[in-house]
Amino acid sequence: WEYHFGELQRFKNENGHCNVPRSYKKNPQLAVWVGNMRRLGRSNKISDGRKKKLEEIGFSFSFRDRQWQTNVEMLKRYLKRYGHTRVPINDKNNAKLGRWLVNLRTLKKNGKLPSERQRELMPFNIDWDLRNQMWEEHFESLLQFIKKHGHTNVPQKYPSNQPLAFWCEANRRAYRDGDILPERAARLEKIGFKWNKISAFWNEMFNALLKFKEKHGHCNVSRLSSKDKRLFYWVANIRNRFKVGDLPASYRGELDKIGFIWKREDAKWNDNLTAFIRLKEKLGHSDIRPKHSKEVYRWIRAGIVTGK
C-alpha cells in the first residue's frame, strides 16, 4: 500500500492531480490500485488513516472524478489529432466532448470550476470564451470557402453556410465601428478579406472575368459562352455604367489592361468571329450554313450585305 501511495504522490507531483487514467500505460498497476481505493472508499472499507492520507494529497473517491478523467482523456486524444481543443459545437463525432467543454465554460464563468481542475486543464490551452471559439470556427469555414471559390466574398444569401455570411457582415460592421480586435483584422486582411462589400464584389467578378479570358482568350462574355450567368449580367452592367459615365476610372483602367471591349456591338461581333473561327477549324472549311450555326450564318450574311 505504501509503495503505491508513494507512486501516487509522484504522479501528482508530475501532473498536478491524483486522477490516474484507467489506461495509464506508464504504470498500469497504479491505475488498478487507484480504482481499488475508490471502490473501497465508496463502500467504507478503507481505514480512516489511509483515507485521510489520500485526501490530504487531493485524492477523491467519487465517481465524478472517474468521469472527469474519461473526459480529459477524450480531450487529450482530440488535441493530439487536431492540434487544438476548439471542438465545434455541431461536431456530431465529438458531441459528448463538445457538451462537456460547454459545461466547463459555464462552471468557470460562474466561479464553480475548482482551481485543481483548472490547473489540470491548463496544458490543453482551452479558450474559455465561447465567442472566441465561434470566431475561429467561422474563420476556418472562410478558409474553406476561399479554397473552393478563390475569393472571400461570401454571398449575403449563402444557403450552404448562412452563419458564415452573417459572420462576414458582422466583421465588416465591427471594422467600420472600430470595434474589431487588431489581430483579427490583420488575419482577415492577410487572406484577402475586403472590408468594403462593393469592392469585394468587384474583385470577385473581376477575377471570374480573368478566368474566363484565360479559358476563352477574350473578355466577351455572352449567354452562350459562360455558364456563370452572374458574370454575364455583371459584364452587361459594367458596359451600361461606362455608357452613362458611372464607372470609376480605376475600374475602367483595370478592364482596359485585360483588353475589355466597351461597346456591346463590338463585343458581339468578336463573339461571332470567335465562333466562326472555331467552326472553320472544326469543319475544315468556311462555308458556314444554318445547320452549322444559325447565329454565325446570320452574322456572315449581315457582313456581306453591309460590307463589313
Side-chain angles (χ1 to χ4, degrees), residues 1-140:
W1 194 95
E2 291 297 337
Y3 169 78
H4 287 307
F5 181 76
E7 289 292 296
L8 180 61
Q9 284 182 309
R10 275 190 285 276
F11 177 90
K12 183 181 180 181
N13 291 337
E14 293 176 4
N15 299 277
H17 59 84
C18 297
N19 300 318
V20 181
R22 282 183 292 180
S23 57
Y24 188 47
K25 295 180 181 180
K26 190 175 179 180
N27 191 339
Q29 290 182 337
L30 177 61
V32 173
W33 183 80
V34 164
N36 289 335
M37 289 304 103
R38 286 205 174 100
R39 197 158 44 250
L40 292 171
R42 288 196 301 273
S43 58
N44 293 319
K45 292 182 179 179
I46 189 172
S47 68
D48 291 340
R50 287 182 173 180
K51 185 175 183 180
K52 184 178 180 182
K53 285 186 71 172
L54 287 167
E55 288 176 340
E56 283 176 348
I57 63 170
F59 186 84
S60 176
F61 295 91
S62 71
F63 169 77
R64 290 183 179 179
D65 287 323
R66 190 168 61 186
Q67 187 60 50
W68 167 271
Q69 194 56 51
T70 299
N71 290 329
V72 169
E73 287 298 311
M74 280 197 299
L75 187 61
K76 189 180 296 184
R77 288 193 296 270
Y78 187 93
L79 176 61
K80 184 178 180 180
R81 180 175 181 181
Y82 297 102
H84 63 81
T85 55
R86 298 188 303 273
V87 182
I89 305 300
N90 58 350
D91 187 347
K92 294 180 180 180
N93 295 325
N94 296 282
K96 185 177 180 181
L97 182 59
R99 288 194 299 269
W100 182 64
L101 287 170
V102 169
N103 185 52
L104 287 181
R105 289 188 180 98
T106 303
L107 290 173
K108 189 173 187 301
K109 184 178 179 181
N110 297 331
K112 295 182 179 180
L113 186 63
S115 56
E116 182 182 334
R117 298 294 201 207
Q118 292 185 45
R119 283 195 300 272
E120 187 177 351
L121 293 169
M122 284 180 66
F124 298 101
N125 196 27
I126 296 174
D127 193 336
W128 294 107
D129 190 335
L130 184 59
R131 291 171 298 180
N132 290 337
Q133 175 168 328
M134 297 286 288
W135 195 94
E136 293 295 340
E137 287 181 21
H138 288 311
F139 185 80
E140 184 61 32

*Asks:* What are the two closest heavy atoms between Asn125 and Thr85, and how far apart are they?
*Replies:*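 For Asn125 versus Thr85, the nearest heavy atoms are O-OG1, 3.8 Å.
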*Asks:* Just wondering, do Phe11 and Leu30 contact through their side chains at under 4.5 Å, heavy atoms?
*Replies:*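 Counting from C-beta outward, Leu30 and Phe11 do come under 4.5 Å.
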*Asks:* In plain terms, say whether Glu56 and Lys53 are close enough for a salt bridge, that is, a side-chain N and a carboxylate O under 4.0 Å apart.
*Replies:*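 The answer is no: the pair does not qualify as a salt bridge.
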*Asks:* Mind checking the CZ-CD1 spacing from Arg50 to Ile46? Nearest 0.5 Å is all I need.
*Replies:*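 Going from the CZ atom of Arg50 to the CD1 atom of Ile46 covers 7.0 Å.
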*Asks:* If you round to the nearest 0.5 Å, how far is CG of Asp129 from NZ of Lys109?
*Replies:*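 Spacing of NZ (Lys109) from CG (Asp129) equals 8.5 Å.
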*Asks:* If you compare all heavy atoms of Leu97 against all heavy atoms of Asn71, which two are closest, and at what distance to 0.1 Å?
*Replies:*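 Here Leu97 and Asn71 meet closest at CD1-O, 4.0 Å.
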*Asks:* Crowded around Asp48 CG? As in, over 12 foreign heavy atoms under 6.0 Å?
*Replies:*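 Counting other residues, nucleotides and ligands, CG of Asp48 stays at 12 neighbours or fewer.
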*Asks:* For the residue pair Glu137 and Pro88, what are the closest heavy atoms and their distance?
*Replies:*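 Smallest heavy-atom distance, with atoms named: OE2-CA, 3.0 Å.
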*Asks:* I'd like to know if the side chain of Asn103 and the backbone of Arg99 have a donor-acceptor N/O pair within less than 3.5 Å.
*Replies:*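 Judged by distance alone, no pair lies under 3.5 Å.
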*Asks:* Closest heavy-atom contact between Arg105 and Trp128?
*Replies:*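 For Arg105 and Trp128, the tightest heavy-atom pair comes out as CD-O, 3.4 Å.
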*Asks:* What is the distance from atom CH2 of Trp100 to atom CE of Met74, rounded to the nearest 0.5 Å?
*Replies:*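 Separation between the atoms: 7.5 Å.
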*Asks:* Taking atom types as modelled, find out whether Glu120 and Trp68 have a side-chain donor-acceptor pair closer than 3.5 angstrom.
*Replies:*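 Glu120 vs Trp68: donor-acceptor pair found between side chains.
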*Asks:* What are the two closest non-hydrogen atoms of Ile57 and Cys18, and how far apart are they?
*Replies:*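 Looking at all heavy atoms of both residues, the shortest contact is O-SG, 3.2 Å.
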*Asks:* Dump the intermediate steps for side-chain contact (heavy atoms from CB on, under 4.5 Å) on Leu8 and Trp33, then the final yes or no.
*Replies:* CA-CA 9 Å; Leu8 180 61; Trp33 183 80; 3.9 Å; yes
*Asks:* Can a donor-acceptor pair be found, under 3.5 Å and without considering hydrogens, that links the side chain of Gln133 to the backbone of Asp127?
*Replies:*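 No: the side chain of Gln133 does not pair with the backbone of Asp127.
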*Asks:* Supply the atom-to-atom distance Lys51 NZ to Lys45 NZ, rounded to the nearest 0.5 angstrom.
*Replies:*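 Lys51 atom NZ to Lys45 atom NZ measures 14.0 Å (nearest 0.5 Å).
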*Asks:* Around atom CD of Gln29, are there more than 12 heavy atoms from other residues, nucleotides or ligands closer than 6.0 Å?
*Replies:*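 Atom CD in Gln29 is not packed in, count stays at 12 or less.
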*Asks:* Check whether Arg86 reaches the backbone of Asn132 with its side chain - one donor and one acceptor, N or O, closer than 3.5 Å.
*Replies:*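 No.
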*Asks:* Between atom CD of Glu140 and atom NE2 of His138, what is the distance when rounded to the nearest 0.5 Å?
*Replies:*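 Rounded to the nearest 0.5 Å, the CD-NE2 separation comes to 12.5 Å.
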*Asks:* Parallel, tilted or perpendicular: which describes the rings of Tyr82 and His84, with under 30° parallel and over 60° perpendicular?
*Replies:*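 The rings of Tyr82 and His84 sit tilted, inter-plane angle from 30° to 60°.
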*Asks:* Evaluate side-chain contact (heavy atoms from CB on, under 4.5 Å) for Asn27 paired with Val20, printing each intermediate quantity in order.
*Replies:* CA-CA 9 Å; Asn27 191 339; Val20 181; over 6 Å; no
*Asks:* Rounded to the nearest 0.5 Å, what separates atom CH2 in Trp1 from atom CE in Met37?
*Replies:*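 Going from CH2 on Trp1 over to CE on Met37, the span is 7.0 Å.
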*Asks:* Surrounding CE of Met134 (heavy atoms of other residues, nucleotides or ligands, distance under 6.0 Å), is the total greater than 12?
*Replies:*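 No, because the 6.0 Å sphere around CE of Met134 holds 12 heavy atoms or fewer from other groups.
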*Asks:* Show your reasoning for whether salt bridge (Lys or Arg N to Asp or Glu O under 4.0 Å) applies to Glu73 and Lys76.
*Replies:* CA-CA 5 Å; Glu73 287 298 311; Lys76 189 180 296 184; 3.4 Å; yes
*Asks:* If I compare all heavy atoms of Leu101 with all of Ile126, which pair ends up nearest, and what's the gap?
*Replies:*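 Scanning both residues, the minimum pair turns out to be CD2-CD1, 4.0 Å.
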